[in-house]
Amino acid sequence: MGHTAPLLQMAGICKSFGSAQVLREVDLRLDAGEVLALLGANGAGKSTLVKILCGVYSRDAGTVRLDDQAVRYDRPEEAIAHGVRFLPQEVSILPDLTVAENILIADLPLKRSWLGKQVDRPALRAKARALLDRLGCDLDPDALVHQLSAPHKRLVEIARALAGQARVIVMDEPTASLADREVQALFAVVERLKAQQIGIIYISHYLDEVFEIADRITVLRDGLNAGDFATATASRREVLDAMLGTTVDELYPPRGASIGEVALEVENLSLPSALDSVSFALHRGEILGVFGLLGSGIDQLGRAIYGALGPLPGARIALEGTPYIPADPRQGRDAGIGFVAAERQREGIVPDLGVRANITLPFIDRFVRLFSVSKPREVSHAQSWIDRLEIRAAHLDQPLRLLSGGNQQKACLARWLVEGLKVLILEEPTRGVDVGARHELYLALRQWTQQGLAVLLISSDAEEVAGICDRSIVLDRGRVSSHFSGGAAPADLLHTPTAKDHP
Amino acid sequence: MSIAALLNRPGAGVALLLIFYLLVAVLFSVLSPWFLSFDNMVSIGANMAFIGLMCALQTPLIIAGGLDLSVAAVAGLAGVVVALLHASGVGIVAACLIALALGGGIGLLNGLLVVRLGLNSLIATLGTMSVIGGLALVLTGGLTKPLMEPGFNWIGSGQLLRLPVPLVLMLLVYIALGWVLARTRFGRFVYAAGSNAEASRLVGVPVARTLMILYVLSGLSGAVSGLILAAMLYAAAPDAAGQHLLTVIAAVILGGTSLFGGRGTVWGTLLAVLLLGTLNNGLTLMDVSSFWQDVTRGAVLLLAVGLDQVRTRAAGA
């Protein structure tokens, strides 16, 4: 062959939990200086594979070779000692320490003094500086980490991995909470890591990103290898087919045609330091997209209309022609508005309640007979949505916390799908949801709008807004900066005149 | 079914507690012939009833994400208030109603402090606990006040259907609460609020109102317990009830209710109350010093919570 051995070679990896076989003879190869995207629907086995690589789980069978040396470890510390680093989706840093302390926490430079050993501050600063320089980053080593922005915290974490002599870095959804500009900055850092011969395994749900940053793609499906692609030559369609198994038509269903009269009219909606006289109209049978970057006001708009932010002085809102004054979520709900919040774990799911009780929670009144909740009515309602949305749960009363993100999101949506709902407001409806579930969610949205529901879809994912929405508006620093009727291309949304000169 | 799946079933925690309870009962019945008699069983229930009542309403409060450390102090104050009012010539029924209103009022105050002002429930109710306990001492000068009134004493030591009145009262409260939590809309709100308050609020669950109601009910349960205790003892002592606060919290946690909210049942709490009562009773029958009873209660609590942690981990793998 003449090739040098790959940096990392995993071969024939098997893993079972109880009777469920999660990985079946999975192979994975990573070269030095390469970005490998690991893709697969939720439950495909990618997180199990990564956890085996990082020493969280031990494998049942198979080999792991680093630089052609067989390695065996079952603890994360041992993986780190071998130069394998995992960067979880949520940044894990020590907020009250400085940048330099965070980077070198595992190996603080010490000096002797009359008090015993002490941290050698100048050496600490210099070492941290050198590591930050490798990332092309000019952060102050003495800054306190809690004062940093999310992307800078991510950089501190990467620098910490470099301090530990990492050779393989696994990034799990590193861009999930970043705006587009910040993603580009992260990619610049990834390019630098590549140039330093570090191998990167990149897990993401965003195909656009994967094609931009990765050299190769390894796809898992149902615990098996489902394809290896070079991004230079592969098409998105091929990759999607490998992930989903069947040949899916497009991710986004065709647009509906039956746009009706105005369902929700918003005029002059302002909120201090968030929204500045926002006005728009949303029609029955329509999905109206609201696109914006972080800090553009998209995280306030939906909940303000719903009523979660209390009264809105100065704004005029009409729901099917009658004035509507939002004051609290109960009023929004009773007026016929549904709301699904962006932060699913914090604001969406009720983790200890079962799937059934989660679905029936907002309109529990409709299931009450003689002071008690009628279980048969609840069961038949919940079961019908579980079937229609293909929510995968062991049983009706399985606590929602035990379901995957995509299935939790489906349950959060199903809550609102009742007789009489007029407007459904969705914030980031598919964040952290795998491609298969996304497709099902989009199909369901289309179906309901065809039955007359009006959907306001608020998202920082330009591809999603362009793909699913009938019309869209762009928010920029709290103002509506542009309107698009009909299908807009993702690039159009991102490059409206005002968004371009965003500092 | 595998052991992990068995341990993961919803009732597994309560079932383990029941097994433990039966083991304890078997052990004591071997060691003491008197233990298993009907009269002894009934007296365990009757003696624990006033504590069990406080536990009953503390359970939904903790499930909903609240906590009331003042409940036992309210019991002490309620007894004292009835005794003092009765001694000064107020009718016994009016005196009891005033004491109940006082208990509900203190619950309302706790609710306002926690729900409206946003104080941490531990700190807020620790504060009211201290104020109320102190007031009871101030009102009585630290002395025990006698309280003899046949009608009144009946609720502490009378019989209903050949069972002690406090025991009957406690069982009725548990049955009612069990139904409310499992079957009603309010019960659903209790679990939802404790599991994720913000998500619940965003779908229109009246989280604040639910907690307010539970704080008021907790205060009321303290007052009722205080009346029962005073009726049992034929006297009201300012510090008679306060010492049982730890037992109340211990029983709720032992019964499988999560201190973080969202999970628990009153049936687990009832079982834990009976278990703690049985331990005290059995140790007394075996002539073990009452000083050791605190030690056993603490050890059982640690053992149960520790086992539950192991169970959750085994089931979660």
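Sequence lines set the chain letters: A, B, ... in the order given, protein chains first and strands last, and positions in each chain run from 1. Here the structure is a predicted model, which is why all the values come from computation and not from measurement.
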Please flag which part of Glu343(A) lies under 4.5 Å from any non-hydrogen atom of chain B: side chain, backbone, both or neither.
neither
Tell me whether Gln58(B) contacts the main-chain N or O of Asp68(B) through its side chain, where contact means a donor paired with an acceptor under 3.5 Å.
yes
Is it the side chain or the backbone of Gln398(A) that comes within 4.5 Å of chain B heavy atoms, both, or neither?
neither
Non-hydrogen side-chain atoms of Ile317(A) and Ile325(A) separated by less than 4.5 Å:
no
Which one wins on heavy-atom pair count under 4.5 Å against chain B: Asp397(A), Asp334(A), Asp328(A), Leu353(A)?
Leu353(A)
With Arg183(B) as the cation and Trp179(B) as the aromatic partner, state whether NZ or CZ is under 6.0 Å from the six-membered ring centre and within 45° of the axis.
no
How about Asn110(B) and Ser70(B): does a side-chain donor come under 3.5 Å of a side-chain acceptor?
yes
Most contacts with chain B, counted as non-hydrogen pairs under 4.5 angstrom, among Val340(A), Asn358(A), Thr360(A), Ile349(A)
Ile349(A)
Residue Ser374(A) versus chain B: region with a heavy atom under 4.5 Å:
neither
Per-residue contact mode, Arg401(A) against chain B (heavy atom under 4.5 angstrom)
side chain
Distance only, no hydrogens: is a donor on one side chain within 3.5 Å (strictly under) of an acceptor on the other, for Thr257(B) and Arg263(B)?
no
Under 4.5 Å from any heavy atom of chain B, what part of Ala357(A) do you find: side chain, backbone, both or neither?
both
Axial cation check for Tyr306(A) ring with Arg303(A), 6.0 Å and 45° limits
no
Between Val368(A) and chain B, which part of the residue has a heavy atom less than 4.5 Å away: side chain, backbone, both or neither?
side chain
Pair Arg75(A) + Glu78(A), salt bridge at N-O below 4.0 Å:
yes
Sort by residue number and list every residue of residues 186-195 of chain B having at least one heavy atom under 4.5 Å from chain A.
Arg188(B), Phe189(B), Tyr191(B), Ala192(B), Ser195(B)
Does a side chain donor of either Ser460(A) or Glu428(A) reach within less than 3.5 Å of an acceptor in the other side chain?
yes
Would you say the side chains of Ser372(A) and Thr184(B) form a donor-acceptor pair under 3.5 Å?
no
For Gln300(A) and Leu309(A): C-alpha separation, side-chain torsions, deciding distance, then whether side-chain contact (heavy atoms from CB on, under 4.5 Å) applies.
CA-CA 8 Å; Gln300(A) 306 282 327; Leu309(A) 299 179; 3.4 Å; yes
